[in-house]
Undergrad: 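I'd like to ask you about the structure that follows.
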Amino acid sequence: MKVLVPVKRVIDYNVKVRVKADGSGVDLANVKMSMNPFDEIAVEEAIRLKEAGKAEEIVAVSVGVKQAQETLRTALAMGADRAILVVAADDVHTDIEPLAVAKILAKVVEAEQPGLVLCGKQAIDNDMNATGQMLSALLGWSQGTFASELSVDGDHATVTREVDGGLQTIKVKMPAIITVDLRLNEPRYASLPNIMKAKKKPLDEKTAADYGVDVAPRLEIVKTAEPAARAAGIMVGSVDELVQKLKDVGAI
Amino acid sequence: MSLDAETLNQFRDTVSRFVRERLVPLEDKVAEDDAIPEDVVAEIREMGLFGMSIPEEYGGVGLTMSEEVQIAFELGFTSPAFRSLIGTNNGIGSQGIIMDGTPEQKAKYLPRLANGELIASFALTEPDVGSDAGSVRTSARREGDHYVLNGTKRFITNAPRAGLFTVFARTDPNTTDASGVTAFLVEAGTPGLKLGPKDHKMGQRGAHTCDVIFEDCRVPASAILGGKEGVGFKTAMKVLDRGRLHISAICVGAAERLIHESLNYAIDRKQFGGPLADKQLIQAMLADSRTEAYAARCMVEETARRKDAGTNVSEEAACTKMYASEMVGRVADRAVQIHGGAGYMTEYAVERFYRDVRLFRIYEGTTQIQQVIIGRSMVRNALRNR
């Protein structure tokens, strides 16, 4: 079985995000970028499937700017076999919307014929949580979202999903799209020898036009704002006073 | 070989993340248990950190000095105990074999040193032989095609874990200087090789040293490093330049960590109605530390670059080792001072680092030995140019 793992280049999770002065978006100039952490979990799961003998090949794919090839190199260093970069924007500030990404991925799936697509449940930059679901709709494939456990057995996969208030286990028919959640696994660190080997693994470069997909945005960003600054606290003298204050502000 | 910038960045980022996410949170536990958890040892092994300086043909990655110091800056950010674990395989334990080993010795040991399966120790220091390394007393008496080793080696880093020892012993009993000293590759488990109990150190808990004792320990003549008597000491000296730059880079990493801790503490701690960080006397200490750490970083990078270009950097490596190790001592002292009473408490990392970094001014050549190397080299070069 071939596993396709879409990965996104996002602002590093350790970076404190700054909104651009005109509110049009987030400032990404000279900001450290990394692989979306949920996608790292997807790559790790694909490698584990391969190590368990349930997958033969892992293909990582990224849709975005040219610099996303660094993200793909990381996936290759972790253990993916080859990579496909679909260049769909020149400016690092251009975010390709989920529908366009899903349409491109659908074409990649058509060409590659994987038995499974493993992707992060969402990207930590826009939190859209849509690409996997849209891809499933476009392909007419089964989907298992928010996976915290996954086992693949022949023509079906068993997925434990993290839903509000508990866990739900479902059985889906293959081929399938599985979007992964935080607790599925702990991704490995790429080793130095593997980082060097990754340089020699194939990385194909395509464009959105090659797949005939229009990536023009459908959404208009009206405003981007930083979270409100936390208001100063007060010291209370006793538990009674604390209870009274909480009642005053309507918290209890 | 030399890596392209993207690959080196990717590796440095990976090590930086591993250090901050995995190793830093374990520092207290390692100090408390006086041991690095075995699963972490395995992770360090899998990352390829044991074979950074071992050539690719032997399973390592063969980083240049410039590349190795970039990684060492990152490793220096956490407890030196972790660095110590991989230090001997990348430095004094393997470099002698790489430079002067026979093809058989290279093929036999380097691949296992590169993947960390085998840990190497460097057994030069003795109870009565420290910086005056040429006066080694451990003897190696020839008996047919074997040698019989007798003597004691002291403070041997990683000896409790080591599978291979580079042992310096006197093969020519009529000499009292370096010319009669030979290096042997002795495997752990060889009859007559014994280990003393672990030493109790001031700091760097989790990194272990002990005595290595030889009592009629018989080794074949093929165990002589490079196959020739008398070249051992020269090998040892050649190995040291690389080690000194590596240690210097670790000192820079440790200084940057101490500055990071001091800065964060100074921002959070309020005194006289405002954060400590706003006080100019505190800022002066931070600025001095930052400047000195930056100077040492530049010395390390420049000397590494010159070494890679083929220049003899013995003098500059000694300058760098002396400055970087003394620098981190001053930075640690200021870090404790900025923390005030808290800096004297074991719950703050600076207290542990203060003790850990004290060793840097002592091992791989004390500051005084570096001064002698630098001074002697200056005079020799001046006389040569007259």
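Every chain is numbered from 1 and lettered A, B, ... according to where its sequence line falls, protein lines coming before strand lines.
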Undergrad: Evaluate whether atom CG of A:D90 has more than 12 neighbouring non-hydrogen atoms of other residues, nucleotides or ligands under 6.0 angstrom away.
TA: no
Undergrad: CZ of B:R290: more than 12 outside heavy atoms within 6.0 angstrom?
TA: no
Undergrad: So which part of A:S34 gets closer than 4.5 Å to some heavy atom of chain B, the side chain, the backbone, both or neither?
TA: neither
Undergrad: Within the structure provided, determine whether A:K199 and B:D4 are in side-chain contact (heavy-atom separation under 4.5 Å).
TA: yes
Undergrad: Does B:R17 pair with A:E40 as a salt bridge, N-O distance under 4.0 Å?
TA: yes
Undergrad: Identify which part of B:R20 has an atom lying under 4.5 Å from any heavy atom of chain A, answering side chain, backbone, both or neither.
TA: neither
Undergrad: Counting only heavy atoms from other residues, nucleotides and ligands, does the tally under 6.0 Å from NZ of A:K66 exceed 12?
TA: no
Undergrad: Do A:E70 and B:N9 make a side-chain contact, defined as non-hydrogen atoms from C-beta onward lying under 4.5 Å apart?
TA: no
Undergrad: Please check if the number of heavy atoms outside A:E51 that lie under 6.0 Å from its CD is greater than 12.
TA: yes
Undergrad: When you look at CD of A:E149, are more than 12 heavy atoms from neighbouring residues, nucleotides or ligands closer to it than 6.0 Å?
TA: no
Undergrad: Can A:Y189 and B:E21 be counted as having a side-chain donor-acceptor contact under 3.5 angstrom?
TA: yes
Undergrad: Roughly how far, to the nearest 0.5 Å, is the CE atom of A:M196 from the CG atom of B:L3?
TA: 5.0 Å
Undergrad: Tell me every residue that passes side chain to side chain donor-acceptor pair (under 3.5 Å) with B:R112, counting only those two or more places apart in sequence or in another chain.
TA: B:E117
Undergrad: For B:E32, is the CD atom crowded, meaning more than 12 foreign heavy atoms sit under 6.0 Å from it?
TA: no
Undergrad: Would you mind reporting whether B:E43 and A:R188 have side-chain heavy atoms less than 4.5 Å apart?
TA: no
Undergrad: Using the side-chain hydrogen bond (donor to acceptor under 3.5 Å, both in side chains) rule, collect all pairs that involve residues 227-243 of chain A, keeping only residues at least two apart or in two chains.
TA: none
Undergrad: What is the distance from atom OG of A:S191 to atom CZ of B:F18, rounded to the nearest 0.5 Å?
TA: 11.5 Å
Undergrad: Consider side-chain contact (heavy atoms from CB on, under 4.5 Å). Of B:M52, B:E46, B:Q10, which one does A:L192 pass it with?
TA: B:M52
Undergrad: Which atom pair, heavy atoms only, marks the closest approach of A:P193 to B:G48?
TA: CD-CA, 3.9 Å
